[in-house]
Amino acid sequence: MGQIILGVGDYGASNAPGDDIKTFALGSCVSVIFLDPKTRAVGMAHIALPDSSINKAKATEKPGYFADTAIPALLELMAKSGCDKRGKGMVVKLCGGANVMDTNDTFQIGKRNALAIKKILWSFGMGAIAEDLGGNFSRTVSISVSAGQVTLSSPGKPNWQL
Amino acid sequence: MVTQINQQELQKIVKAVPMLSPSASRLLQITANPDHDLVEVVNLVKTDANLTARVLKVINSAAFGMANQITSIDRAIAYLGERIIISIAIGDSAGKLFGKELSGYEAAGGDLWKHDLRAAIAAREVVAQSGLDISTELAFTAGLLHDIGKALISDYLQGSVTEAVALISQEEQPHDYLAAEKKLVGFDHTEAGYELAKAWQLPDELAEVIRYHHEPARANEEYRALVYAVHLGDNIAMMGGFGTGADSMRYKLDPGYVNYIKLSPNTLENIMLTVDMEFEKLEESFSDSGEKN
Ligand SMILES: [Fe+2]
Ligand SMILES: [Fe+2]
């Protein structure tokens with residue numbers, strides 16, 4: 001029973017009731033959340049960038065950092081607690097991916113992250129049933145394993161559920 | 001409670017901030033000069049026993065993984081680079097200000113220093129990876145100092161976060177956080193920071209960055225490229241999840257940077273990755289060596 005805190009590029013999972021999985025201050029990063037109704041396992045990855053081709057060594061050391069390596073890694077981790085290897089039946093939620101107030105595409109990394117993640121999910125035949133993406137504010141997200149409830153917070157706003 | 005500040009009160013707030021140490025102040029002067037030599041930095045550090053000891057502690061911290069103990073300050077400075085010497089000098093000399101809990105932004109103690117350090121690393125990388133013809137070390141220093149005004153006005157913004165966010169979210173006249181600060185307390189953090197820059201007698205290019213890092217097009221043309229580099233570094237720090245609480249990501253990015261800085265999406269992603277890796281190393285070396293920020 002405890003709190004699993006994920007930093008940038010970390011991923012983690014738990015099926016222990018009483019655990020929380022939490023990540024702080026998502027800017028352009030996106031948090032991918034998997035909830036498995038069958039095993040009651042919950043997983044999350046804190047993804048920083050869309051594509052691992054820019055630094056393969058980093059992807060090996062921290063697969064959760066890139067969209068294309070994070071999702072297979074998270075699925076593999078959750079398979080250890082009996083979830084389907086290809087994510088069949090998994091409930092998917094996405095949040096984060098904020099962008100600064102900008103009219104220039106280069107800086108829309110939040111958008112590129114979300115797009116890359118969706119593409120990879122499709123390749124597994126998966127899709128998000130809920131998302132809270134974009135905007136120009138940072139988000140902190142936590143999931144309680146027992147309730148499967150995803151709670152978001154941001155300074156100056158009341159907390160909300162996803 | 002939110003409290004309006006007038007010009008006179010702002011001067012009082014600035015006066016209450018301790019001066020930088022003479023060596024930190026001198027270090028900023030020396031390194032802002034594009035023609036300076038590293039020897040000048042070395043000679044200055046040697047006159048300050050405290051700073052010398054700190055620099056040696058940092059280089060011998062586990063983060064740098066030196067095979068042998070380094071005892072020569074010349075070698076230490078050559079290895080670390082002047083940006084790390086400046087970080088140590090500023091951390092020692094104004095650590096209280098940089099480490100302050102920014103309750104007016106709902107940011108914890110240490111958040112400002114981390115944001116500044118990330119913006120500094122990012123500004124340096126923007127210059128290095130875009131091939132911009134200005135000093136990478138100066139971009140770092142400017143990044144480190146850019147948001148110092150937040151430490152001055154934070155107390156007066158106490159309890160204002162919900163209102164600030166509401167001002168930004170309104171449809172008719174959307175503010176950025178800067179405009180919200182100005183409306184709530186009468187000054188924004190760049191104006192407050194600029195007053196401190198004057199009191200500290202910072203070199204003009206650093207004062208210009210502090211004043212215009214959210215509106216780089218308004219900066220003196222001579223320093224505009226540097227201001228744009230820090231503008232991007234600041235945004236990169238926020239995108240990476242290191243803001244200072246409520247204001248994170250709530251600023252405008254000036255697309256006019258393209259006239260000064262060439263960045264592809266790929267280069268930007270590389271910069272973000274480098275910032276994460278460099279930051280970890282620097283943080284570790286400062287904390288190993290007993291830096292308190
Ligand atoms: Fe700022
Ligand atoms: Fe900033």
Side-chain angles (χ1 to χ4, degrees), chain A residues 6-10 23-31 46-59 61-62 64-68 96-113 115-116 134-141 153-159, chain B residues 105-108 111 114-115 118 160-169 174-177 180 214 231-232 234-258 261-277 279-280:
Chain A
L6 303 179
V8 179
D10 289 340
T23 199
F24 290 95
L26 294 160
S28 59
C29 292
V30 174
S31 153
H46 182 143
I47 296 168
L49 292 176
D51 190 350
S52 66
S53 63
I54 65 161
N55 192 322
K56 289 284 176 202
K58 179 77 181 180
E61 173 210 333
K62 240 186 193 327
Y65 202 89
F66 303 100
D68 57 331
N99 295 292
V100 284
M101 303 174 176
D102 177 26
T103 52
N104 171 307
D105 280 344
T106 304
F107 274 79
Q108 308 275 328
I109 289 187
K111 210 190 256 177
R112 291 207 293 283
N113 276 335
L115 205 64
N136 61 327
F137 55 92
S138 86
R139 298 165 172 86
T140 288
V141 52
S153 66
S154 180
K157 291 160 81 104
N159 293 358
Chain B
Y105 297 85
E106 294 186 5
D111 283 0
K114 286 183 197 160
H115 167 70
R118 301 229 2 157
S160 70
V161 160
T162 306
E163 202 183 337
V165 168
L167 279 170
I168 289 163
S169 312
H175 290 52
D176 63 357
Y177 217 90
H214 292 294
H231 177 61
L232 298 188
D234 179 28
N235 278 290
I236 291 167
M238 293 190 281
M239 287 162 65
F242 285 79
T244 55
D247 69 329
S248 192
M249 312 284 291
R250 297 186 183 277
Y251 294 98
K252 292 183 190 111
L253 188 125
D254 177 357
Y257 78 82
V258 296
I261 298 167
K262 301 243 169 311
L263 272 187
S264 68
N266 218 354
T267 307
L268 178 62
E269 287 170 20
N270 253 313
I271 290 173
M272 294 201 60
L273 181 61
T274 311
V275 170
D276 264 340
M277 300 196 294
F279 175 73
E280 254 173 54

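Within every chain, numbering begins at 1; the chains are lettered A, B, ... in the order of the sequence lines, protein sequences first and strands thereafter. Values below: every heavy atom of this structure, side chains too, minus hydrogens, waters and symmetry copies.
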| message | If you define the side chain from C-beta out and look only at heavy atoms, does anything of A:Arg139 sit under 4.5 Å from A:Ser31? | response | no

| said: Need one label for A:Tyr65: side chain, backbone, both or neither, based on atoms under 4.5 Å from any heavy atom in chain B. | reply: side chain

| task | Let me know if B:Ser160 has heavy atoms under 4.5 Å from chain A in its side chain, its backbone, both or neither. | result | neither

| task | Give, as side chain, backbone, both or neither, the part of B:Asp176 having an atom under 4.5 angstrom from any heavy atom of chain A. | result | both

| query | In terms of heavy-atom pairs under 4.5 Å with chain B, which of A:Leu26, A:Val8, A:Ile54 leads? | reply | A:Ile54

| query | Do the ring planes of B:Tyr251 and B:Tyr177 sit parallel (below 30°), tilted (30 to 60°) or perpendicular (above 60°)? | reply | tilted

| said: With a 4.5 angstrom heavy-atom cut-off, is it the side chain or the backbone of A:Ser53 that approaches chain B, or both, or neither? | reply: neither

| task | Identify which of B:Asp247, B:Val258, B:Ile236, B:Thr162 forms the greatest number of heavy-atom pairs closer than 4.5 Å to chain A. | result | B:Thr162

| said: Could you check whether any side-chain heavy atom of B:Leu263 comes within less than 4.5 Å of a side-chain heavy atom of B:Ile271, counting everything from C-beta outward? | reply: yes

| said: Does any backbone or side-chain atom of A:Arg112 lie under 4.5 Å from a heavy atom of chain B? Answer side chain, backbone, both or neither. | reply: side chain

| A:Gly110, A:Pro50, A:Cys29: which one forms the most heavy-atom pairs within less than 4.5 Å of chain B? | A:Pro50

| task | Select one option (side chain, backbone, both, neither) describing which atoms of B:Glu106 are under 4.5 Å from chain A's heavy atoms. | result | side chain

| said: So for atom NZ, which belongs to A:Lys111, do other residues, nucleotides or ligands contribute more than 12 heavy atoms lying within a distance under 6.0 Å? | reply: no

| note | Ranking B:Leu273, B:Val165, B:Asn235, B:Asp276 by heavy-atom pairs under 4.5 Å to chain A gives rank one to B:Leu273

| request: Pick one of side chain, backbone, both or neither for B:Val161, based on which atoms fall under 4.5 Å of a heavy atom in chain A. | output: both

| Are the side chains of B:Phe242 and B:Asp111 in touch, meaning some heavy atoms are under 4.5 Å apart? | no

| task | Answer whether the closest heavy-atom distance between the side chains of A:Asp10 and A:Lys62 falls below 4.5 Å. | result | yes

| Does some side-chain heavy atom of B:Met239 sit less than 4.5 Å from a side-chain heavy atom of A:Asn99? | no

| field | Check: B:Asp234 and B:His214 side chains under 4.5 Å, non-hydrogen atoms | value | yes

| said: If we define contacts as heavy-atom pairs under 4.5 Å, which of B:Arg250, B:Met277, B:Met272, B:Lys252 has the most with chain A? | reply: B:Arg250

